[in-house]
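Please read the structure below before turning to the comments.
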Amino acid sequence: MMHIEYLIPIVAFILAAYSVIGNDVIQTLGTFLTSNSDKKWWILWLYASIILAALLIYGWYVHNGDVSYGRLEQIPLPEKMALWYLIPPVVLIILTRLGFPVSTTFLILSVFSTQTVIEKMIIKSVLGYGVAFVVAVGLYLLIANKLESKESFQRTGKSHNRIWLAAQWVSTGLLWGQWLIQDFANIYVYLPRKLGAQELIFSLIIILGLMAYLFKTRGGKIQEIVNSKSNTRHIRSATIIDLVYALILYLFANLSNIPMSTTWVFIGILAGREMAISYRLNKHEMKKSRNIIIKDLYKVNVGLIVSVLIAYLIGYLNSNY
């Protein structure tokens, strides 16, 4: 019979994979699912799964078994893992069900991190939100009239739509790849920093199965955040969002290997985009846009506060273990 000390990391990994996929994946593939709602779910799943499997195996091979691309170098695995290490993914699942776009980087990784690493993650994530917001505002102030107005959508022909459809699949692939490189750390933090081939295959099967469920249910509760934003069902709009998101993640991925919250970057892009579109096209809805942005910020900050509290709780329990 498997000892509980060996069972806890496996259960924690499955819960973490489920919670991260249910919460974070929608920030990456949400616009892709929304704008391709007419297509069969398994086609979209297959596309995302091929990219995920390729990057996971590549990272494992190049980094000698480390699938986190070096992002767990400063976050060691505890020698013994008690039952309370299951708290973060369980809380994340609950918050996801309630529709909170929680940062898995803070909620899961902070439990294993020192105060210095946590501070670096917060600084990098807040910086990511600010950069994303400013870039989105500047970009959409320039392109909103031409690409986001009702008239521009009415002028778009079928051949033009096919071009944007191809562009969106490419931009989604780029974004998905950049997100995975950032967030593999959140999924694999409960497992050894160097995985064997059997562990790699087992984890890949679990992740692909969970993704199949997500795609079949079209994103679940978190998808409402994407659907609430202007024009996100249009392939052209989704393509631009995905491309901007991918470029910002690429920038921060090369800045340092300190993990960051992709959630904050995602929310920053949507916030800046919403403000700029409202200013250019619907000034009478500026107040409504501000309220949406404040609501989203409130939700991610709830997640941050909960993350810090859980980190302190587990630290206290460990000291008295």
Side-chain angles (χ1 to χ4, degrees), residues 19-35 88 91-108 110 121-122 124-141 144 148 179 183 214 217-234 237-238 240-242 244-245 248-249 260-310:
S19 59
V20 170
I21 288 169
N23 185 81
D24 277 16
V25 168
I26 289 307
Q27 301 157 23
T28 311
L29 300 177
T31 53
F32 182 62
L33 290 175
T34 299
S35 59
V91 171
L92 181 56
I93 291 171
I94 293 171
L95 292 176
T96 300
R97 290 288 181 181
L98 295 174
F100 283 78
V102 186
S103 168
T104 55
T105 299
F106 295 143
L107 189 52
I108 292 181
S110 60
M121 288 193 297
I122 293 175
K124 190 175 180 181
S125 300
V126 172
L127 180 61
Y129 178 92
V131 170
F133 182 85
V134 171
V135 169
V137 168
L139 176 65
Y140 281 93
L141 284 175
E148 295 290 342
W179 179 87
D183 273 36
L214 175 80
T217 57
R218 294 288 174 175
K221 190 73 174 176
I222 296 296
Q223 183 67 12
E224 293 176 8
I225 291 177
V226 178
N227 294 341
S228 69
K229 303 302 185 293
S230 303
N231 303 332
T232 52
R233 292 185 181 276
H234 291 284
S237 300
I240 298 170
I241 293 171
D242 289 353
V244 174
Y245 194 5
I248 293 174
L249 288 186
M260 69 176 296
S261 171
T262 54
T263 302
W264 283 62
V265 176
F266 177 69
I267 296 298
I269 291 171
L270 291 185
R273 176 181 180 274
E274 197 70 14
M275 285 296 292
I277 290 177
S278 294
Y279 179 79
R280 284 296 193 194
L281 305 176
N282 305 299
K283 289 188 178 180
H284 61 282
E285 294 187 1
M286 285 288 290
K287 184 177 180 181
K288 180 181 177 182
S289 296
R290 283 196 297 269
N291 290 338
I292 291 174
I293 292 169
I294 292 170
K295 183 179 178 181
D296 290 346
L297 268 176
Y298 160 75
K299 287 183 176 182
V300 294
N301 276 290
V302 166
L304 175 59
I305 293 169
V306 170
S307 304
V308 172
L309 291 176
I310 288 177

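These numbers come from the heavy atoms of this one structure, side chains and all, not from hydrogens, waters or symmetry mates. Throughout, numbering of the chain's residues begins at 1 and tracks the sequence.
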Kindly give the heavy-atom pair with the smallest separation between Val265 and Ala132, and that separation in Å. O-CB, 3.4 Å
Only residue of Ile122, Leu127, Thr105, Val126 satisfying side chain to side chain contact (heavy atoms under 4.5 Å, CB included) with Trp264 is Val126
So does Ser261 get a backbone contact from the side chain of Tyr129, meaning a donor-acceptor N/O pair under 3.5 Å? no
Determine the minimum heavy-atom distance between Gly268 and Ala136, stating which atoms define it. O-CB, 4.5 Å
Shortest non-hydrogen contact between Ala276 and Val137, atoms and distance: CB-O, 3.7 Å
How long is the gap from CG on Asp183 to CD1 on Ile21, to the nearest 0.5 Å? 10.5 Å
Are Ile293 and Ile267 close enough that some pair of their side-chain heavy atoms sits under 4.5 Å apart? no
Interatomic distance, OG1@Thr262 vs CG@Leu249, rounded to 0.5 Å, equals 6.5 Å
Determine whether Met275 and Arg290 make a side-chain contact, defined as any pair of heavy atoms from C-beta on separated by less than 4.5 Å. yes
Could you report the tightest heavy-atom contact between Tyr140 and Arg280, atom names first, then the distance? O-CG, 4.3 Å
In short, Val20 meets Ile108 closest at the heavy-atom pair CG2-CD1, 4.0 Å
Would you indicate whether the side-chain heavy atoms of Phe106 and Ser125 approach each other to under 4.5 Å? yes
Close side-chain approach of Ile269 to Phe133, heavy-atom, < 4.5 Å: no
